[in-house]
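As structure tokens, the structure follows; a few thoughts come after it.
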Number of protein chains: 2
Amino acid sequence: MTKTITTNIPLAEKAYQVIREQILNNSYRAGEQILEKTLVETLAISRTPVREACVRLEKEGLIEIKPRHGIRVKPISLEDMAEIYEILTALESEAARKLATQNLKAADLKKLVTPTTAMEKALAKNDLEAWAEADEAFHLALVELSGNQRLKQVVLQFWGQAHRVRYFTLHLRDKPTGSTQDHIDLVNAIKAGNSELAASIHRNHRIEGKENLLKLLDKYRFVQL
Amino acid sequence: MTKTITTNIPLAEKAYQVIREQILNNSYRAGEQILEKTLVETLAISRTPVREACVRLEKEGLIEIKPRHGIRVKPISLEDMAEIYEILTALESEAARKLATQNLKAADLKKLVTPTTAMEKALAKNDLEAWAEADEAFHLALVELSGNQRLKQVVLQFWGQAHRVRYFTLHLRDKPTGSTQDHIDLVNAIKAGNSELAASIHRNHRIEGKENLLKLLDKYRFVQL
DNA sequence: CCGTACGTTAATGTATACATTGGTTTATTG
DNA sequence: CAATAAACCAATGTATACATTAACGTACGG
């Protein structure tokens, strides 16, 4: 009789959300192994829903299920980051290309412009968290406006895999001034209906981002995070 | 005591493989609802592993878990196919672009050339199954040679979602003669190290494929499969 | 006759009991 | 003392029991 309030979300879903959040928040170290028992006791949820949550997280690429050793938070290596950026580059460029062929309504364009100006403001105030948040909003808007639900899902999935690394590197990197200009240019290309330009601007944006990141990881000798 | 041979693969894995195979083979109708109980009895595997298999299949986009109505084989609409082709276009083009920048070994090039010639032979013999198989081998080789495991996984995932539709349309479409030439051109662009050309050839190849398919589905009034 | 409300039921969501297995520890022997 | 083998143990894989809920049917009232 520990029940007080009946939340209507299934426990399996809750377990999934909580564990996922903890991974993204860097509550676990990379490669850390966690026993089912620990999760069950921490979450106060029985094994069945916890196991289902783990299966989902494995499919999502955030953990590995080690047959008799619980789960393991997947470490992200430089190669992994290169893979992830390659995919994001391809899919987001595709989204950018597509947007340029559509006649975006003013309200939709605003969804791209607002985060861009927010990025500028955040940079002026040296608020990197706010900058990262706005950057994330921009990229999210890009794939949402594409109207391709599957594309959006895949981008979010890999964005999630890269999240931990972004978290660590946010304060190590140089001030990301170029990014904002790229976004402005992209919005203009979309407005102008120039799909090839839009795609190539975003492609180059992502490639630069990737190279900066890999250089940074190399500089700080991060083999994996 | 029905146990005779001890296979070492976990039952959850077996359930996943069997159900997945049945879906891809069109053993179920689109949108068909299947009760957990039915799966449990058919597979002679208890609920826990079967449920885990279903969770995996849902993440893979092949089924939906309907809270109190078992699972539902996800029907594929024209819009779904458009989404899937858009993603395949972006990712495979990216792979093609990347391959052109590398100096592929002869053995690796062969992995692309062999399926291409197999496609020609199959066409000459009017063997559409063999043609489809070779076509699949070509696309698989493309993403495998990219070296990007995640990219490969995503492509295979969506290839799986589209599989049922391809199966139905294989014998309805015109003889796919253009496809083979596209593949030859792509191999040549890769050999020549022309990454932009490689990407655009493959992009156009996929766009044509998509348009042919959508026209076909429209012609036969397929709303969903 | 129709609509609503309640009860039954069947299916899933959840918890737990049982089976299996791989690793570790201990005991025995050379 | 060291090496090997057997037995134990802890963790997961699997099965099943129990709880919950939504849908359907029935009965009662208007």
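Lettering of chains follows the sequences in order, A, B, ..., and the numbering in each one begins at 1. Note: hydrogens, waters and symmetry copies are ignored here, and every other heavy atom, side chains too, is used. Source: prediction; values computed, not measured.
- B:E52 has its CD atom 14 Å from the C1' atom of C:dG13, to the nearest Å.
- The side-chain heavy atoms of A:L140 and A:V155, taken from C-beta on, include no pair separated by under 4.5 Å.
- Both A:T48 and B:I34 lie close to DNA chain C; mapped to their nearest nucleotides by heavy-atom distance, the more 5′-ward contact belongs to B:I34.
- Put simply, A:S46 has a side-chain N or O that comes within less than 4.0 Å of OP1 or OP2 on C:dA15.
- In this structure, B:P49 and A:P67 both approach DNA chain D, and ranking their closest nucleotides by distance from the 5' end singles out A:P67.
- The listed nucleotides are C:dA15, D:dT14, D:dT12; the one nearest the side chain of A:E36 is D:dT12.
- A salt bridge links B:R150 to A:D80: at least one charged side-chain nitrogen sits closer than 4.0 Å to a carboxylate oxygen.
- Considering only side-chain atoms of B:P10, the nucleotide from C:dT12, D:dA11, D:dG13 that sits closest is D:dG13.
- Taking atom CD of residue A:E13 and atom P of nucleotide C:dT14, one finds them 10 Å apart after rounding to whole Å.
- In this structure, CD1 of A:I71 is placed 14 Å from C1' of D:dA11, rounded to the nearest angstrom.
- For the atom pair CG (B:L62) and CG (B:L57), the distance works out to 6.0 Å, reported to the nearest 0.5 Å.
- Atoms CG (A:L11) and C1' (C:dT12) sit 13 Å apart, rounded to a whole Å.
- Look at CZ on B:R47: it is 7 Å from P on C:dT12, rounded to the nearest Å.
- Closest non-hydrogen pair, A:A198 versus A:L186, comes out as O-CD1, 3.5 Å.
- Among C:dA11, D:dA17, C:dA15, the nucleotide with an atom closest to any side-chain atom of A:I45 is C:dA15.
- When rounded to the nearest whole Å, the span between CD of B:Q33 and P of D:dA23 equals 12 Å.
- Per the geometry, CG belonging to B:L35 stands 18 Å off P belonging to C:dT9, to the nearest Å.
- Out of D:dA23, D:dT14, C:dT16, the shortest distance to the side chain of B:H69 is found at D:dA23.
- Taking only side-chain atoms of B:R68, from C-beta outward, the nucleotide of D:dG13, C:dT14, C:dG13 with the closest atom is C:dG13.
- To the nearest angstrom, P of D:dT12 lies 16 Å from CZ of A:R72.
- Contact between the side-chain N/O atoms of B:R51 and the OP1/OP2 oxygens of C:dG13 is found at a separation under 4.0 Å.
- Of the inter-residue distances, the one linking B:L142 atom CG with B:H202 atom NE2 reads 5.5 Å to the nearest 0.5 angstrom.
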